[in-house]
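Quick notes on the structure that follows.
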Amino acid sequence: MTLFKPQCLLTECRAGLVELEFYGLILVCSIDGVKTSVGEDNGYPFFHRSCSKPLQASIVADFNTHNFYELSQAELAVCCGSHTGESCHIEVLKGLLEKADLKESDLKCPIIPPLNNFDDLKVFSPLHNNCSGKHVLMLMICRQNGWDIENYLSMEHPLQKYILSKLEFMCNEVGLNSTVDGCGAPNWATSLFGLGFGFLNLVKMHSFLTDAMRMNPYFVGGENRLDTNLMRICDHIVAKVGAGGLCVAVNTLSNEALVLKVIDADMKARTIIALEAIRQLNWISNVSINSNLLKYFDSGVYTENGIKVGEYTPCFNF
């Protein structure tokens, strides 16, 4: 397989001199194929990381889990997301555990500090892990189907086998490379087109999930999260970020998917590149960008004292 060939997408300049360059790949597709791209991905498979969560959650439609547990939109959104561990997220997750007669100790995700520790907590539980929504939903589906909950993360567990088959169907790719994600759950890789194709299918086939994400963006992420802020100010975009510099967004009006991979996984670079790509695609008007998005995103380079000394500048065009 030919390796991918990334392109410089963004530079960081100080006093007019380029200090850093950020390379990556951008792909825009419809259900019929690739419409435009930057860099050459050559169909190389990338692990979905947390971008996979909405696709994994789509199996609720097959088991009617959302109706079985009478899940609200906020509950569905947190199961599709990478929450920041704020009190609003934790309360929803506790309610989900109660619905399925589960305990926090049933979760196999690591105990780590929340991404946003606004309450200055000193003690954490598995629920504070940003992947706990996915884990809670996995356990709920196991409970619903009478499956073992102790080994729910095993590649050989019927839950994970079913998730893999659903991913292959949604992304229209088979024989997927597998790994263990940071949270301990299985994770699979497809081409960037496969990831975009999967999200377009998600909008088409399981719109109740993507509607839940769009209507409850804070439960998909939280404060200062790229996907949350994109959906906050534009109700026709569904977005999800993932580790490894990934971001996928779908324009539900034009039925197009944007898939972005920043090679060095710099989060600020990913944010600025994603915003510029969406601006060039005219998914969001310049008025909206200037009046809304810029209060969430800043392209300046600053000293530790807050003095602006440079700028991040996109250097790609579709």
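Side chains are part of it too, since the values below use all heavy atoms of this structure and drop only hydrogens, waters and symmetry mates. These figures come from a predicted structure and were not determined experimentally.
At least one donor-acceptor pair under 3.5 Å links the side chain of D227 to the backbone N or O of V241. Looking only at distances, no side-chain donor or acceptor of K261 sits under 3.5 Å from a matching main-chain atom of L27. Under the 3.5 Å distance criterion, the side-chain polar atoms of Q280 are matched with a main-chain donor or acceptor of F318. Not a single donor-acceptor pair under 3.5 Å links the side chain of T11 to the backbone N or O of C13.
Ring pair Y162/F63 is tilted by interplanar angle, where 30° to 60° counts as tilted. In this structure, F193 and F197 have tilted ring planes: the angle between them lies in the 30° to 60° band.
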Could you tabulate the donor-acceptor pairs under 3.5 Å formed by side-chain atoms of residues 111-120, not counting sequence neighbours?
unit_1: N116; atom_1: ND2; unit_2: T84; atom_2: OG1; d: 3.4
unit_1: N116; atom_1: ND2; unit_2: E86; atom_2: OE2; d: 3.0
unit_1: N116; atom_1: ND2; unit_2: E223; atom_2: O; d: 3.1
unit_1: N117; atom_1: OD1; unit_2: D120; atom_2: N; d: 3.3
unit_1: N117; atom_1: OD1; unit_2: L121; atom_2: N; d: 2.9
unit_1: N117; atom_1: ND2; unit_2: L121; atom_2: O; d: 3.1
unit_1: D120; atom_1: OD1; unit_2: K122; atom_2: NZ; d: 3.3

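In this structure, CG on D266 lies 8.5 Å from CG on L20, to the nearest 0.5 angstrom. The distance from atom NE2 of H236 to atom CG of L253, rounded to the nearest 0.5 Å, is 5.0 Å. Here CG of L153 is found 5.5 Å from NE2 of H135. Values are rounded to the nearest 0.5 Å. Note: Q56 CD to C51 SG = 11.0 Å, rounded to the nearest 0.5 Å. One distance of note links CG of L127 with NZ of K94; it measures 7.0 Å at 0.5 Å rounding.
Y218 and H89 have their aromatic ring centers within a separation under 6.0 angstrom.
Looking only at atom types and distance, the side chain of K240 has a donor-acceptor partner in the side chain of S82 under 3.5 Å away.
Contact record, K53 with C80: CB-O, 3.3 Å, taken as the closest heavy-atom pair. Smallest separation of non-hydrogen atoms from S37 and G39: OG-O, 3.9 Å. The shortest heavy-atom contact between M155 and S178 is CE-CB, 3.7 Å. Between C29 and L200, the closest heavy-atom pair is O-CD1, 3.9 Å. Of all non-hydrogen atoms in A239 and L230, the two that sit nearest each other are CB-CD1, 4.2 Å. Scanning all heavy atoms of the two residues, the minimum distance from L159 to W147 falls at CA-CZ3, 3.7 Å.
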Checklist entry - D41 and V259: side chain to side chain contact (heavy atoms under 4.5 Å, CB included), yes or no, with the steps? => result CA-CA 11 Å; D41 70 284; V259 187; over 6 Å; no

Item to check | Verdict with reasoning, L71 to L96, per side chain to side chain contact (heavy atoms under 4.5 Å, CB included) | outcome: CA-CA 8 Å; L71 299 181; L96 287 171; 3.5 Å; yes

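Residue I90 is not grouped with residue F124 when hydrophobic side chains (ILVMFWY) are merged at heavy-atom distances under 4.5 angstrom, including chains of intermediate members. The hydrophobic clustering, which links ILVMFWY residues whose side-chain heavy atoms are closer than 4.5 Å, places I59 and Y152 together. Under the 4.5 Å side-chain contact rule for hydrophobic residues, V180 and L139 do not share a cluster.
Residues satisfying the salt bridge (Lys or Arg N to Asp or Glu O under 4.0 Å) test with E276, not counting sequence neighbours, are R279. Applying the salt bridge (Lys or Arg N to Asp or Glu O under 4.0 Å) test to R270 and every residue at least two apart in sequence or in another chain returns nothing. Residues passing the salt bridge (Lys or Arg N to Asp or Glu O under 4.0 Å) test with K268, sequence neighbours excluded: none. Taking H66 as the reference, F208 meet the ring pair (Phe, Tyr, Trp, His ring centres under 6.0 Å) condition, with sequence neighbours excluded. Evaluation of the salt bridge (Lys or Arg N to Asp or Glu O under 4.0 Å) rule for E311 yields K308 as partners, not counting sequence neighbours.
Under a cut-off of 6.0 angstrom, the local environment of CZ in F169 is sparse, with at most 12 non-hydrogen atoms contributed by other residues, nucleotides or ligands. Under a cut-off of 6.0 angstrom, the local environment of CE in M215 is sparse, with at most 12 non-hydrogen atoms contributed by other residues, nucleotides or ligands.
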